[in-house]
Amino acid sequence: QVQLVESGGGLVEPGGSLRLSCAASGFTVSAAFMAWYRQAPGKERELIASVTRGTFGGNANYADSVEGRFTISRDKNKNTIYLQMNSLKPEDAGRYYCNAPTRTALRYWGQGTQVTVSS
């Protein structure tokens, strides 16, 4: 069964960095389309970053708001995906979730990990 465990969130000041992790089980992340989502209070869940399937690589896409600052990556040996977040802004705050839509149909979600950007 698919399981997703996010970690790495926390409190960071504007301009700081965080690296989020998503440990997956029940499927192989290198063979799946993977994505990071963010949900801020009072807002809809938003697609932040994604990477296409590919054992040796894939194509990444980012929301305009994070382009150039965030990087999605994959470690096939650990079956884990990451989201490196640099130059964080207050508007980046929210709860971040990973998912594999073709595996879960977005019916299953992990706990997510909270990111707070504040002085």
**Student:** Cation-pi between Arg53 and Phe33: NZ/CZ under 6.0 Å from ring centre and within 45° of the ring axis?
**Tutor:** no
**Student:** I need the Phe27 CZ to Thr102 OG1 distance, nearest 0.5 Å.
**Tutor:**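 If I round to the nearest 0.5 Å, the distance is 8.0 Å.
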**Student:** First locate atom CG of Leu20, then atom CE of Met85, and finally report the distance between them rounded to the nearest 0.5 Å.
**Tutor:** 3.5 Å
**Student:** With a 4.5 Å cut-off on side-chain heavy atoms, are Leu47 and Trp36 touching?
**Tutor:** no
**Student:** Using the side-chain hydrogen bond (donor to acceptor under 3.5 Å, both in side chains) criterion, which residues pair with Asn86? Sequence neighbours excluded.
**Tutor:**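 Once residues adjacent in sequence are excluded, the partners of Asn86 under the side-chain hydrogen bond (donor to acceptor under 3.5 Å, both in side chains) criterion are Ser17, Gln84.
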**Student:** Return the minimal non-hydrogen interatomic distance between Ala49 and Leu83, and the atom names on each side.
**Tutor:**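 Heavy atoms only, the tightest pair is CB-CD1, 4.0 Å.
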**Student:** Which residues pass the salt bridge (charged side-chain N to carboxylate O under 4.0 Å, His left out) test with Glu13, not counting sequence neighbours?
**Tutor:**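 With neighbours one apart ignored, the set is empty.
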**Student:** So how far is it from Met34 CE to Ser73 OG, rounded to the nearest 0.5 Å?
**Tutor:** 11.5 Å
**Student:** Which donor-acceptor pairs under 3.5 Å do side chains of residues 94-101 form with protein atoms, sequence neighbours excluded?
**Tutor:**
residue, atom, partner, partner atom, Å
Arg95, NE, Gln111, O, 2.7
Arg95, NH1, Gln114, OE1, 3.4
Arg95, NH2, Gln111, O, 3.1
Arg95, NH2, Gly112, O, 3.3
Tyr96, OH, Arg38, NH1, 3.1
Tyr96, OH, Asp92, O, 2.5
Asn99, OD1, Thr104, OG1, 2.6
Asn99, ND2, Tyr108, O, 2.8

**Student:** When you look at Arg69 and Lys89, which way does the side-chain contact (heavy atoms from CB on, under 4.5 Å) test go after all the steps?
**Tutor:** CA-CA 10 Å; Arg69 299 186 298 116; Lys89 305 174 181 179; 3.8 Å; yes
**Student:** If I compare all heavy atoms of Ala31 with all of Arg103, which pair ends up nearest, and what's the gap?
**Tutor:**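 In this case the closest contact between Ala31 and Arg103 is O-NH2, 2.9 Å.
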**Student:** Does some side-chain heavy atom of Trp109 sit less than 4.5 Å from a side-chain heavy atom of Arg45?
**Tutor:**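 Heavy-atom side-chain distance check passes, below 4.5 Å.
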**Student:** What distance do Ile72 atom CD1 and Tyr62 atom OH have between them, rounded to the nearest 0.5 Å?
**Tutor:** 6.5 Å
